[in-house]
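Computation of the quantities below employed the complete heavy-atom set of this structure, encompassing side-chain atoms and omitting hydrogens, waters and symmetry-equivalent molecules.
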Amino acid sequence: LPHETGVRLDWKDALPDSATTLAEALGSSGYRTAAIPGSLLLHPRHGLNQGFAEYLDSFAEVPRPREVPVLHFAARRVADRALDWLEGAHKEPYFLWVNFHDLYDTDEGAVSYDAAVTAVDQEVGRVIARIHEYGEDERTLIVVAGSHGIGLGDHGEEQHGTLLFQPTLGVPLIMKPAGRDREGRAVDFPVGLVDVMPTILETADVAAPSGLAGRSLHGAFDSGVDPIGADRILLAETVQPAALFGWSPVVAARAGQFKCIISGGSTRRTRSTVGSTARR
């Protein structure tokens, strides 16, 4: 969790060397590891390259004229790099993280946002199709996860990072276990991105480091039943209001379909109408 790693502002903070990343855990177990970042926010100075034997398109050598900074690579370029890497690596155990970070025109709002999502969806499809062409479906776990949502005006938030309502907290999380081609199943219990690492490690039969905040969702693949339990509490925070505007930070805790949001000493207890769901 952010308060445990110290990474609370993605454009400022860096992951400490003491943290154990998913790439480190898999790399030490014989997996070939590579990442293809699509955003300047994943520059090596932020520490997320830990454990990756190859960190491609890392922006480290990308020229950045002061007038026109390079902030992201287009989804098609990112997918092309992924396909090139898979060509030489798909026959051995590997962990590949492909990061898409297409931007959209804020003046056009939802129309431009939908277009960006569509473009990314097409490129994700290209990568998955290549895995299928290689015949690697039987031994490949595919995970698609979003980092955050966009307000697009809901609750008065056009972007993200200021408030903790579901439009920005609810993200896609889709898992396709190796060898599973049948129709997926949506689950109705809340999960978090902290659950991705332990789920992947259990699926790969690799021991998880101690102290992880997340829990494995592996048990839900077949049954669809919550493998964690109803008493679980998911945490969220944003310190961006304090860092940028001098406002109070915002924290939230969610248990089942209820979420408590605390900001500046006030408390709002709401029933979430849009829950976080995991699909496989």
Side-chain angles (χ1 to χ4, degrees), residues 20-38 42 48-56 75 78-79 81-100 120-147 171-187 189-209 212-228 276-280:
T20 300
T21 66
L22 178 58
E24 288 175 312
L26 291 173
S28 63
S29 298
Y31 283 78
R32 180 174 174 178
T33 60
I36 305 177
L42 299 183
L48 293 181
N49 60 327
Q50 290 177 202
F52 285 104
E54 300 170 82
Y55 204 70
L56 309 175
V78 173
R81 293 302 301 270
L83 297 180
D84 289 343
W85 188 88
L86 282 170
E87 181 66 28
H90 72 90
K91 293 182 180 180
E92 56 187 300
Y94 67 84
F95 168 54
L96 174 63
W97 176 32
V98 187
N99 168 250
F100 295 97
V120 170
D121 182 70
Q122 292 174 343
E123 299 308 317
V124 170
R126 288 178 62 211
V127 176
I128 294 176
R130 183 62 57 86
I131 294 173
H132 178 73
E133 291 173 9
Y134 288 142
E136 302 294 342
D137 305 68
E138 291 297 320
R139 66 187 191 105
T140 304
L141 168 67
I142 299 173
V143 179
V144 179
S147 58
V171 298
L173 178 55
I174 305 169
M175 297 184 177
K176 179 187 178 300
R180 308 292 179 88
D181 292 324
R182 60 179 181 270
E183 185 177 350
R185 175 190 295 111
V187 300
F189 52 86
V191 301
L193 291 177
V194 289
D195 300 326
V196 172
M197 179 173 178
T199 302
I200 291 177
L201 290 179
E202 181 178 356
T203 304
D205 197 23
V206 174
L212 291 183
R215 308 288 181 84
S216 174
L217 304 175
H218 190 275
F221 286 163
D222 290 316
S223 66
V225 177
D226 185 352
I228 299 172
S276 300
T277 59
R279 295 177 182 270
R280 56 143 276 241

key: Set of side-chain hydrogen bond (donor to acceptor under 3.5 Å, both in side chains) partners for R32, sequence neighbours left out   = E54, E92
Set of side-chain hydrogen bond (donor to acceptor under 3.5 Å, both in side chains) partners for T20, sequence neighbours left out = none
inquiry  = Please tell me whether Y134 and E87 have a donor and an acceptor in their side chains that are separated by less than 3.5 angstrom.
reply    = yes
message = If we ignore hydrogens and angles and just use 3.5 Å, is the side chain of T33 paired with the main-chain N or O of A23 as donor and acceptor?
response =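 Checking the backbone N and O of A23 against the side chain of T33, no donor-acceptor pair under 3.5 Å is found.
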Report the residues that fulfil side chain to side chain contact (heavy atoms under 4.5 Å, CB included) with [X], sequence neighbours left out, ordered by chain and then residue number.
X	result
L212	M197, P198, A208, P209
N99	S39, L42, W97, H101
A145	L173, L193
A79	F100, E123, R126, V127

Pair listing, side chain to side chain donor-acceptor pair (under 3.5 Å) test, anchored in residues 196-209, at least two apart =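 Residue pairs with at least one partner in residues 196-209: E202-S216.
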Output the distance between atom [atom1] ([X]) and atom [atom2] ([Y]), rounded to the nearest 0.5 Å.
X	Y	atom1	atom2	value
L26	T21	CG	OG1	8.5 Å
L96	F52	CG	CZ	8.5 Å
I131	R139	CD1	CZ	10.5 Å

Compare every heavy atom of [Y] with every heavy atom of [X], then report the nearest pair and how far apart it is.
X	Y	value
L201	A25	CD2-CB, 3.9 Å
G214	D195	CA-OD1, 3.3 Å
L141	K176	CD1-O, 3.4 Å
R81	L56	NH2-CB, 3.9 Å

key: Steps toward side chain to side chain contact (heavy atoms under 4.5 Å, CB included) verdict (I142, I174)   = CA-CA 8 Å; I142 299 173; I174 305 169; over 6 Å; no
inquiry  = Applying ring-ring contact (aromatic ring centres under 6.0 Å, His included), can you list everything that pairs with Y94, at least two apart in sequence or on another chain?
reply    =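 Checked Y94 against ring-ring contact (aromatic ring centres under 6.0 Å, His included); matches are W85.
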key: With R130 via salt bridge (charged side-chain N to carboxylate O under 4.0 Å, His left out) - residues at least two apart   = E133
